[in-house]
Amino acid sequence: MSLTGKESVELGIQTPADKFFSSFVKQLLDFESVSDHVHEAKLHKGDGHSIGSVKQWTYTIDGKVASCQESFEAIDEQNKTLTFNLFGGDVSPQYKTLKAHLKVIDKGNNKRGAIAKWTYEYEKLREDIAPPCAYLDLTTKFTKDLDAHLIKA
């Protein structure tokens, strides 16, 4: 069994790609008011918009309250891609590395909305640790909640 891998999901969203992407890199949204799955997203270091910025997250995953820190590793506004490192809290006892990649793509051809593609790239500490499917599920729920919030805004 391999200790490394990738898990991905593509989600259709109604929000335009620019607006959805900007909610991560240009705004400090009150994420806990956007989704019942997020209890707190607090800026820990930096401005929240640039490489090296760190947020502390508290969330519900697999029915349990958990936490971790997130830092931006890469931001490409032109291609609407982000890479986050997740570490500390409930992540570090399971994963040597856990990176979340987001790519937001306009549907094009005058179609409304976009595609949000999330990929988790990971290295587990031991073979008996599950791949981060629970994080992918949390991200899926959060993406749907954020999309609904942004459509109303």
Can you tell if the side chain of [X] reaches within under 4.5 Å of the side chain of [Y], non-hydrogen atoms only?
X      : Y      : value
Tyr122 : Glu7   : yes
Thr139 : Val9   : no
Ile13  : Thr143 : yes
Trp57  : Val91  : no
Thr60  : His39  : yes
Thr140 : Lys144 : yes
Tyr120 : Pro131 : no

Is the shortest side-chain N to carboxylate O distance from Arg126 to Asp128 below 4.0 Å?
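Asp128 and Arg126: salt-bridged.
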Cys68 and Asp90: side-chain contact (heavy atoms from CB on, under 4.5 Å), yes or no, with the steps?
CA-CA 6 Å; Cys68 74; Asp90 293 281; 5.9 Å; no
In terms of hydrophobic clustering (I, L, V, M, F, W, Y; side-chain heavy atoms under 4.5 Å; direct or indirect links), are Ile61 and Leu136 co-clustered?
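Per the 4.5 Å side-chain linkage, Ile61 and Leu136 are co-clustered.
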Could you go through Lys80 and Asp18, starting from their C-alpha distance and side-chain angles, then the distance that decides it, and tell me whether this counts as side-chain contact (heavy atoms from CB on, under 4.5 Å)?
CA-CA 7 Å; Lys80 297 176 201 67; Asp18 284 333; 2.6 Å; yes
One pair to check against side-chain contact (heavy atoms from CB on, under 4.5 Å): His49 and Val25. What are the steps and the verdict?
CA-CA 5 Å; His49 307 294; Val25 296; 5.5 Å; no
Determine the sole option in Glu73, His101, Lys103 for which the side chain to side chain donor-acceptor pair (under 3.5 Å) test with Thr83 is passed.
His101
By the definition side chain to side chain donor-acceptor pair (under 3.5 Å), identify the one residue from Lys42, His44, Gln69 that meets it with Gln56.
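Answer after filtering Lys42, His44, Gln69: Gln69.
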Test side-chain contact (heavy atoms from CB on, under 4.5 Å) on Tyr59 and Tyr135 and set out the steps.
CA-CA 10 Å; Tyr59 47 89; Tyr135 283 91; 3.1 Å; yes
Taking NZ in Lys19 as the centre, count heavy atoms belonging to other residues, nucleotides or ligands within less than 6.0 Å. Is the count above 12?
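Enclosed: over 12 neighbouring heavy atoms sit under 6.0 Å from NZ of Lys19.
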How about Phe142 and Phe31: are their ring centres within less than 6.0 Å of each other?
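Yes: the rings meet the under 6.0 Å criterion.
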